[in-house]
Amino acid sequence: MTEADQPRATETDETATGPDATPPKGARGSGVRTVAIVALATLAGAVAGALALYGMNRLPGNAQAPQVTSAPAAEPASFKAADPACQGTVERARALAPLAKGGVAAFAPATEPRRLPPLAFTDGNGKGVTLADFKGRVVLLNLWATWCVPCRKEMPDLDRLQATLGGPDFEVVAVNLDTRDPEKPRTFLNEIGVKRLAFYADPATKTFQALRGVGRGFGLPTTLIVDRDGCEMGFLAGPAEWGGAEAEALVRAALAPGEVPVPVR
């Protein structure tokens, strides 16, 4: 409450109740303080709720908040997300809408032709990898970090999805964004028994920056389904149950009209 607001509030009280009913000055001050405390508590609760949304708008923990520019470092300045060549992908993505339910209800199928930036990261041996290296396969791209609790919960499910459908036609590409200790995510995955997922890392968080630059990276976990030509089929902000039957049905539909892979056990 500002100093300009206080006189108006006092004047309103006196006018509404009459001079005879005006409480002592000390009581009025106590009432104002009570209202202020309640307002501050309400505001604090709203802020806490917003910050709880999987690290929205920044990377917490051991990662620095990405610096977003009009041309993120992981993509050329000339890159344009909108691509008419991806129109066919949008049409195929319509078939995914009825399958966005249950554990993957937050999945949003693509509604406009969009090509993802040329994302770059490294594999488990430190070799450079780009999204283009997966051309010809449907990719479930997931950005995660060990300090992100929902991300940690997702990893066994993603591992299960890779074990079920992974192969020459589909791969779960989970890119770790831990920035300090490169062994921490490997240790974590070993401890929870993740065996099928290949390890990919981007400690510079350039993939996050690039996706955020095209409106697709505002917190962790972030997951996208990308078709065989690098076009976006859909996007999911936040956690999902990727190991469930709904997720498997969603991915199988994304693989159509291509051949559905034989489960890898």
Side-chain angles (χ1 to χ4, degrees), residues 72 74-76 79-97 99-100 104 106-123 128-144 151 154 157-158 161-162 164-177 196-202 205-240 242 247-261:
E75 63 179 82
F79 177 78
K80 301 295 182 183
D83 188 342
C86 295
Q87 184 59 48
T89 302
V90 174
E91 295 171 1
R92 292 193 300 274
R94 293 194 185 109
L96 305 184
L99 300 174
V104 290
F107 179 80
T111 56
E112 59 183 21
R114 177 187 293 267
R115 186 174 300 280
L116 293 189
L119 307 177
F121 37 94
T122 60
D123 64 14
V129 181
T130 68
L131 185 62
D133 292 331
F134 298 91
K135 184 177 177 61
R137 278 185 281 180
V138 173
V139 168
L140 188 143
L141 176 68
N142 175 270
L143 303 186
W144 72 285
C151 301
E154 277 189 339
D157 277 353
L158 291 170
L161 181 62
Q162 174 66 19
T164 302
L165 296 178
D169 204 41
F170 171 75
E171 181 168 350
V172 175
V173 178
V175 182
N176 176 263
L177 302 184
R196 298 290 187 174
L197 292 180
F199 183 77
Y200 299 105
D202 175 22
T205 71
K206 290 184 178 180
T207 50
F208 184 92
Q209 296 179 48
L211 288 175
R212 187 172 181 178
V214 295
R216 287 296 183 266
F218 293 95
L220 295 183
T222 286
T223 307
L224 300 97
I225 295 182
V226 187
D227 77 357
R228 296 171 178 83
D229 296 317
C231 299
E232 177 190 327
M233 297 195 75
F235 170 69
L236 195 152
W242 292 111
E248 182 177 338
L250 181 71
V251 173
R252 286 185 179 275
L255 287 165
E259 182 180 353
V260 176

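Bear in mind the structure is a predicted one, so any value in this text is a computation, not a measurement.
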For the side chain of Thr223 and the backbone of Asn142, is there at least one donor-acceptor N/O pair under 3.5 Å apart? no

Under the rule for side chain to side chain donor-acceptor pair (under 3.5 Å), what residues qualify as partners of Glu248, not counting sequence neighbours? Arg252

Under 3.5 Å, is there a donor-acceptor pair between the side chain of Arg114 and the main chain of Gly234? no

Is a side-chain donor or acceptor of Arg94 paired with a backbone partner of Pro109 at a separation under 3.5 angstrom? no

Leu119 versus Leu141: any side-chain heavy-atom pair under 4.5 Å? yes

Note: Trp242 and Leu161 closest approach over all heavy atoms is O-CB, 3.6 Å

Tell me if a side-chain donor or acceptor on Gln162 pairs with a main-chain N or O of Val172 at a distance below 3.5 Å. yes

Under 3.5 Å, side chain of Asp133 to main-chain N/O of Thr130, donor-acceptor pair present? yes

Report yes if some heavy atom in the side chain of Pro113 is under 4.5 Å from a heavy atom in the side chain of Pro84; otherwise report no. no

How long is the gap from OG1 on Thr205 to CG on Leu211, to the nearest 0.5 Å? 11.0 Å

Considering only heavy atoms from C-beta outward, does the side chain of Phe208 approach that of Leu220 to under 4.5 Å? yes

Please check: side-chain N/O of Asp227 versus main-chain N/O of Thr89, any donor-acceptor pairing under 3.5 Å? no

In short, Val139 meets Phe134 closest at the heavy-atom pair CG2-CB, 3.6 Å

Testing the basics here: between Arg137 and Pro168, what is the closest heavy-atom pair and its distance to 0.1 Å? CG-O, 2.7 Å

Taking all non-hydrogen atoms of both residues, which atom of Ile225 and which atom of Ala254 are closest, and how far apart? CG2-CB, 4.0 Å

Approximate separation, where rounding is to 0.5 Å, of Leu116 CG and Asp83 CG: 11.0 Å

